[in-house]
Amino acid sequence: MKVETTTVLAHATYGGDYRCLELEAPGIAPEVRPGQFVHIRLPAPADAILRRPFSVFRADGDRLQILYKAVGRGTAAMRHLQPGDGLSILGPLGNGFPAAAADALPVLVAGGYGMAALYLQARTLPRRGIAFFGGAKAGDILCVPEFEALGWEVRATTQDGSRGERGLVTDALDAWLSGGGRDLRPEFFACGPNGMLRAVGGRAEAGGWTAWLSMDRHMGCGVGACLTCVQKIRDPDAPGGWSWVRICREGPVMECRTVVWEGDE
Amino acid sequence: MTATPDLAVRIGSLTLRNPVMVASGTFGYGPEYADLVDLASLGAIVVKGIRAEPTTGNPTPRTVETASGLINAIGLPGPGVDGFVRDYLPFLRRHDVPVIVNIWGRTVEEYGDVARRLGAVDGVHALEINVSCPNIKEGSKAFGTNLESFRRVVDLVRASTRLPVIPKLAPNVADIASFARAAEECGSDAVSLINSIPAMAVDIETRRPKLGNITGGLSGPAIHPVAVKLVWEAARAVKIPVIAMGGIRDAADAIEFIIVGATAVAVGTANFVEPGTAPAVVEGIRSHLVRHGLPSVAALRGTVVA
Ligand SMILES: Cc1cc2nc3c(=O)[nH]c(=O)nc-3n(C[C@H](O)[C@H](O)[C@H](O)COP(=O)(O)OP(=O)(O)OC[C@H]3O[C@@H](n4cnc5c(N)ncnc54)[C@H](O)[C@@H]3O)c2cc1C
Ligand SMILES: Cc1cc2nc3c(=O)[nH]c(=O)nc-3n(C[C@H](O)[C@H](O)[C@H](O)COP(=O)(O)O)c2cc1C
Ligand code: FES
């Protein structure tokens with residue numbers, strides 16, 4: 001983990017509402033493991049003081065890429081970054097995905113930036129399984145050629161039916177799960193909105209399978225000091241049967257059976 | 001002109017190699033930043049607030065960014081005295097840095113109990129008394145804003161330990177000088193200020209508060225000028241050292257505090273933005289002293305022309 005002033009190498013529209021930011025980060029890029037993230041110091045506006053967390057999409061040699069969508073004032077300001085600009089990043093952060101079980105079929109489930117967050121894991125997994133990508137519309141389905149080039153079968157679902165099946169990503173997943181004909185038990189690796197993660201975790205728990213969920217929490221420090229990003233996990237030894245973990249440090253990847261879901265997330 | 005100004009400062013019986021600490025709650029217990037900051041470069045580490053028992057803290061969301069600031073309502077989660085001594089103190093003892101433990105309690109007696117227990121272990125160098133956290137529903141807040149309960153807490157902590165004690169003052173009081181003087185009269189070795197300022201933010205679409213705790217405390221650059229004024233008033237009121245914090249981003253902000261009378265400073269929210277802020281502030285103070293031909297940081301203290 002270090003703070004590094006990187007140089008923007010490229011910055012372009014990627015697909016849908018997403019942009020790809022490529023950074024020269026010789027100190028951090030070679031250290032990145034699948035599922036880890038970096039904490040980016042915004043170049044502007046100066047009154048937005050906190051760093052912003054982004055999953056590493058690709059890391060090759062001294063370079064790393066992130067895919068991001070402008071959702072608020074920080075990401076809006078990032079759109080003005082130009083090749084040659086300096087950008088301070090902190091990382092790599094978080095636990096990342098574990099190695100796959102030897103006797104399981106890896107199943108990827110992604111929504112939103114989750115496709116980017118799962119790419120390195122898809123490249124690293126020893127076995128190629130099946131990937132379910134979901135979004136509201138065609139533009140939300142990212143990285144399909146990249147995953148196919150790695151040998152993954154990708155099934156897309158969109159809520160408006162503009163790409164792949166119409167529906168939710170979990171509809172496609174359910175259809176596949178009930179289809180049978182698998183020699184191996186599935187092992188899930190998922191990243192996306194909390195509602196999607198909860199649904200995937202529910203399927204895994206019901207089937208007695210393992211699901212690794214990369215969770216999204218608001219963050220302050222990114223290193224475990226401020227206790228902003230906490231998530232409840234089951235803890236039989238703690239009073240009330242739960243305790244906190246810091247998603248920036250013990251996460252972002254949690255096994256579904258440990259997570260205590262609350263409210264309507 | 002001396003090329004290497006003397007940066008050492010004294011807080012009671014404790015000597016710090018430089019006047020720049022990291023503020024409670026913004027640096028964890030030390031290990032969180034150990035990969036990023038040489039702990040031995042810090043004047044002191046002030047660890048996250050500790051009470052007698054383990055505590056879970058507030059519901060999420062716990063922080064929200066505002067213009068040039070951050071509102072937090074973390075709610076002082078922590079491992080309690082025994083958990084701190086077991087899980088973190090061995091790590092801190094291996095590093096060459098003074099450790100100041102920020103303590104709090106739900107009752108006056110609890111403050112005394114925590115002070116007594118922490119005074120009895122090796123590796124704790126001073127206690128900062130948190131009477132001013134804006135995020136605790138029970139007593140704590142009144143301890144910081146009511147002069148009488150403030151005195152009771154400080155008196156009891158003073159009587160419970162021989163470690164240097166540093167009451168941390170709340171900014172939301174009518175007369176900061178009276179709290180600083182009360183701290184001095186109760187035998188405190190220093191005062192620190194400011195804690196975060198009570199604050200609130202609301203989502204205008206959902207009309208819900210942006211924090212799980214509804215209200216919280218504002219920190220970061222937004223509060224710096226408020227802190228400068230309060231530090232100036234406190235420093236004029238007492239002879240004991242004043243440790244200043246509130247929105248320090250760089251050496252200039254820290255130097256401003258020293259000029260209005262601070263003996264030492266603490267970097268808080270800026271640690272989240274740039275983990276290397278505290279060491280950079282030390283270097284910036286050093287070069288400022290050299291540039292102005294000053295032999296020591298003490299020579300700059302309280303030199304405001306006002
Ligand atoms: C581990 C992790 C990995 C992420 N990876 C990616 C990625 O690869 N691509 C991508 O586009 N986005 C990613 N995000 C979400 C991204 O961090 C937010 O979109 C971004 O912080 C929004 O900042 P803003 O200033 O534009 O939004 P604002 O709403 O103006 O931000 C206000 C505050 O809320 C926080 N915030 C807002 N939305 C989110 C969110 N969804 N998650 C966490 N914090 C949020 C901001 O960090 C900031 O502190 C990731 C989040 C996490 C926690
Ligand atoms: C996330 C967070 C947690 C904090 N926790 C504590 C705490 O446990 N005890 C305490 O006395 N002050 C706590 N504070 C207050 C800081 O120590 C400091 O007084 C305040 O943030 C002002 O300094 P700054 O503007 O440099 O952050 C906390 C502040 C933040 C931002
Ligand atoms: S973001 Fe600060 S503890 Fe996780």
Side-chain angles (χ1 to χ4, degrees), chain A residues 1-5 27-28 31 39-42 45-53 72-74 88-93 194 215-233 235 237-250 260 262-265, chain B residues 22-37 45 47-49 53-79 135 210-212 216 219-222 247 249 268-277 279-280:
Chain A
M1 184 203 302
K2 48 175 83 73
V3 176
E4 181 172 24
T5 303
I28 291 174
E31 307 291 320
H39 216 20
I40 294 189
R41 181 157 181 189
L42 297 173
D47 75 331
I49 59 172
L50 293 177
R51 289 175 180 261
R52 302 295 196 256
R73 60 193 193 133
S88 169
I89 71 173
L90 164 59
L93 300 175
N194 281 328
M215 303 193 68
D216 183 332
R217 302 301 268 176
H218 282 217
M219 290 186 180
C221 66
V223 302
C226 74
L227 309 176
T228 291
C229 64
V230 293
Q231 165 67 44
K232 279 186 187 174
I233 58 153
D235 181 352
D237 299 334
W242 65 271
S243 59
W244 297 113
V245 289
R246 299 164 298 182
I247 285 299
C248 70
R249 195 104 190 186
E250 287 84 37
V260 178
E262 287 182 292
D264 51 5
E265 35 176 27
Chain B
V22 283
S24 180
T26 67
F27 210 77
Y29 304 98
E32 294 83 354
Y33 277 108
D35 283 358
L36 299 167
V37 179
I45 288 191
V47 299
K48 175 84 189 151
E53 300 300 325
T55 307
T56 53
N58 284 334
T60 58
R62 286 178 162 185
T63 62
V64 54
E65 187 186 70
T66 55
S68 295
L70 172 73
I71 312 180
N72 88 83
I74 307 290
L76 297 170
N135 302 319
K210 290 184 176 177
L211 291 170
S219 67
R249 275 169 308 180
T269 303
N271 294 312
F272 305 156
V273 186
E274 281 306 334
T277 301

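Naming convention: chains lettered A, B, ... in sequence-line order (proteins, then strands); numbering from 1 in each chain. Any value given below was found using the heavy atoms of this structure, including those in side chains, with hydrogens, waters and symmetry copies removed.
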* To do: Among the options B:G28, B:G276, B:S68, B:P275, pick out the one with the most heavy-atom pairs lying under 4.5 Å from chain A.
  => B:S68
* Asked: With sequence neighbours left out, what residues match A:K232 under side chain to side chain donor-acceptor pair (under 3.5 Å)?
  -> A:E262
* Mind checking whether B:E65 and A:R52 have side chains closer than 4.5 Å, heavy atoms only? -> yes
* Kindly say whether B:E274 contributes a backbone atom to a donor-acceptor pair with the side chain of A:R41 at under 3.5 angstrom? => no
* Structure fact -> Comparing B:F27, B:Y33, B:F272 against chain A, the one with the most heavy-atom pairs below 4.5 Å turns out to be B:F272
* For each of A:L42, A:L227, A:V3, A:L90, tally heavy-atom pairs with chain B at distances under 4.5 Å, and name the one with the top tally. => A:L227
* Main-chain N/O of B:E32 paired to A:R249 side chain as donor or acceptor, under 3.5 Å -> yes
* To do: Would you name the heavy atoms of B:N58 and A:W244 that are closest together and state the gap between them?
  => O-CZ2, 3.8 Å
* Which portion of B:P221 sits near chain A, non-hydrogen atoms under 4.5 angstrom -> side chain
* To do: Could you check which of B:V64, B:T60, B:N271, B:T269 has the highest count of heavy-atom pairs closer than 4.5 Å to chain A?
  => B:T60
* Structure fact -> Under 4.5 Å to a heavy atom of chain B? For A:S88 that would be side chain
* Asked: In terms of heavy-atom pairs under 4.5 Å with chain B, which of A:G240, A:C226, A:A238 leads?
  -> A:C226
